[in-house]
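The chains referred to below are lettered A, B, ... by the order of the sequence lines, with proteins before strands, and numbering in each begins at 1. Note that the structure is a prediction, hence the values are computed from the model and not measured.
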Amino acid sequence: MNGTPKIIIRNLNVSIGKQQILRNINVQVPENKITVLLGPSGCGKTTLLKTLNRLTDLYEDVNLKGSIIIDNEDILNTNSDITMLRKKMGLLSQRPYPLPMSIFDNVAYGLRISGIRKKKILQEKVRHYLEQASLWDEVFDRLKDPASKLSIGQQQRLCLARGLAVDPEIILADEPTSALDPISSQAIEEKFMELKQNYTIVVVTHILRQARRIADHVVFMYLGDVIEQGPAAEIFSNPKMDRTKQYFKGAFN
Amino acid sequence: MKFKKTEETFFRWLMILSTSVIVAGLLLIISSIIYKGLPALSWEMLSQTPKGGFYFGKEGGILNAIIGSLYLSVGATFLALLIGLPVALYMNIFLKKHNRIVNIIRFFLDLSWGIPSIVYGAFGFTMMIYFGLQSSLLAGMITVSLFIIPIMIRAMDEVLKTVPIGLMEASFSLGSTKSETAFKVFLKQCFTGLVTAILLSFGRAIGDAASVLFTTGYTDNIPQSLGEPTATLPLAIFFQLSSPIPEVKARAYASALVLTVIILIISISARLLSKRYNKHKIKF
Ligand SMILES: Nc1ncnc2c1ncn2[C@@H]1O[C@H](COP(=O)(O)OP(=O)(O)OP(=O)(O)O)[C@@H](O)[C@H]1O
Ligand SMILES: [Mg+2]
């Protein structure tokens, strides 16, 4: 473990219907670092990420056991408002889903639902977060345009700006660059490196080279199990488990 | 390879054929209404109430039925919207994870969609007698709204169903509640489709004769309050068609033409209107 843990996952078991999807997961996510969830397709990375945000609540027949502790609160067994809990986390999904409204309103959405109404403040904040996501220069003269008109790469950055505007502490990103060209991907990666000063970031990827570039902490998963985890330098230079070694060699993907 | 190509051609022609049958049938109906109705149509008919009794004399017009039908279907559609929209949103957002329950609800809605409207009319009539009400605009509105609520809910449901779960997750992950997701995201995304659902229900409401037969009554006057009976276009057509006088019979087609034009005007204007709000829709 490097640094203080922001999220502690203990004995987490997730099943949907009769299918066990995550088995006895124990993971610690360090604060202000980039943690990469690595593993072949179908191993449960997306499910783990969504459990952190309680988006698994939307699925039929999910069964969650264990605990996820964020800021001393077990979010799986809590009475407090899930809505507030979700505001602590910004989510970037595998493909961008802009809201059906203008570019401006997309970023202002989270601000408005948390009660900010003053036009001046909204304008300042929208600009700030669009700059944060390196999108401002491309859209400042067409903020009223529908978000759906942006390119996929721009939409992904818009989703980042929109997520940051809610003022989260944690950023959850599910293969955020899978729909993007190499240049847009690099822009997102660089953004993450910058953002980790202020945010705890969890990124799902199965691109090994991307993981090497950005990871501080690595969690390697296989078929619903966490096989190995630790500081990136250690895991990449000296993996202990056979499965991890195989994966790094490109034995399966 | 050869067989595949023949198969392709066969099905292509089959589709072209069935499409043309439908379009031709529709054109035939519309042209016969225009052909028979237009000569009988006059300004007098649109602007006056009827003179000459139950079977509609040759004099006067159908203004009472036009206004009655508009009152009735606008009222009924509005009532149905008040109930239908929340139910459709509830099914697709609040009950998202209870797919089984939603499917049971869908099943019952489809059943009630299949019940003929005369049964709703009879039910409305029984209720009226039970509560000691006389046939009136209000009784008609309530009966017709009962009849179109399942249609509206299912039409809206089909639209809301197409919203991808990713958009819902995006909304929740920004910290919106379920109601905020419903009213700020789903309504915007589905606006055009919801308007179409409302229109579909309005069309059913204004075109149905059986459910208003016992419940709204019939009168030559334009209704002044919800408690008064009212004439409607479908019933006017029904009475005119059954008249032995040829001139009155011809007026039935004129009334049908009026009904068709009303539906046309409302569809087109609502489409134009909803197009303006469609530009933010995310296409997936
Ligand atoms: N809603 C669901 N209902 C049933 N099974 C599901 C559901 N969502 C995911 N699964 C199953 O859970 C397992 C893990 O899926 P998950 O999407 O978490 O994998 P992943 O590691 O993100 O894969 P990928 O890299 O392809 O995105 C898969 O076997 C999948 O079939
Ligand atoms: Mg995934």
When rounded to the nearest 0.5 angstrom, what is the spacing between [atom1] in [X] and [atom2] in [Y]?
{"X": "A/Asp174", "Y": "B/Glu169", "atom1": "CG", "atom2": "CD", "answer": "9.5 Å"}
{"X": "A/Met101", "Y": "B/Lys281", "atom1": "CE", "atom2": "NZ", "answer": "14.5 Å"}
{"X": "A/Lys88", "Y": "B/Ser173", "atom1": "NZ", "atom2": "OG", "answer": "15.5 Å"}

Contact summary for [X] and [Y], nearest pair of heavy atoms:
{"X": "B/Ala170", "Y": "A/Tyr97", "answer": "CB-O, 3.9 Å"}
{"X": "B/Ile282", "Y": "A/Leu99", "answer": "CD1-O, 3.5 Å"}
{"X": "B/Val185", "Y": "A/Tyr109", "answer": "CG2-OH, 3.8 Å"}

Original post:
Is there side-chain contact between B/Phe172 and A/Ile82, with heavy atoms separated by less than 4.5 Å?
Top reply: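 SC-SC contact between B/Phe172 and A/Ile82 ruled out.
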Original post:
Mind checking whether B/Leu167 and A/Pro100 have side chains closer than 4.5 Å, heavy atoms only?
Top reply: yes
Do other residues, nucleotides or ligands put more than 12 heavy atoms under 6.0 Å from [X] [atom1]?
{"X": "A/Lys6", "atom1": "NZ", "value": "yes"}
{"X": "B/Lys161", "atom1": "NZ", "value": "yes"}
{"X": "B/Glu7", "atom1": "CD", "value": "yes"}
{"X": "B/Tyr71", "atom1": "OH", "value": "no"}

Quick check on [X] against chain B: is it the side chain, the backbone, both or neither that has a heavy atom closer than 4.5 Å?
{"X": "A/Lys50", "answer": "side chain"}
{"X": "A/Asp57", "answer": "backbone"}
{"X": "A/Arg54", "answer": "neither"}
{"X": "A/Ser114", "answer": "neither"}
{"X": "A/Ser93", "answer": "neither"}

Original post:
Between A/Leu58, A/Thr83, A/Leu92, A/Asp81, which residue shows the highest count of heavy-atom pairs closer than 4.5 Å to chain B?
Top reply: A/Leu58
**OP:** Pick whichever of B/Ile165, B/Thr177, B/Leu174 has the most heavy-atom pairs under 4.5 Å with chain A.
**Re:** B/Leu174
Original post:
So what's closer than 4.5 Å to chain A heavy atoms on B/Lys184: side chain, backbone, both or neither?
Top reply: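 Both parts, backbone and side chain.
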Original post:
What parts of residues 88-113 of chain B touch chain A if we use heavy atoms and a cut-off under 4.5 Å?
Top reply: B/Lys96, B/Lys97, B/His98, B/Asn99, B/Arg100
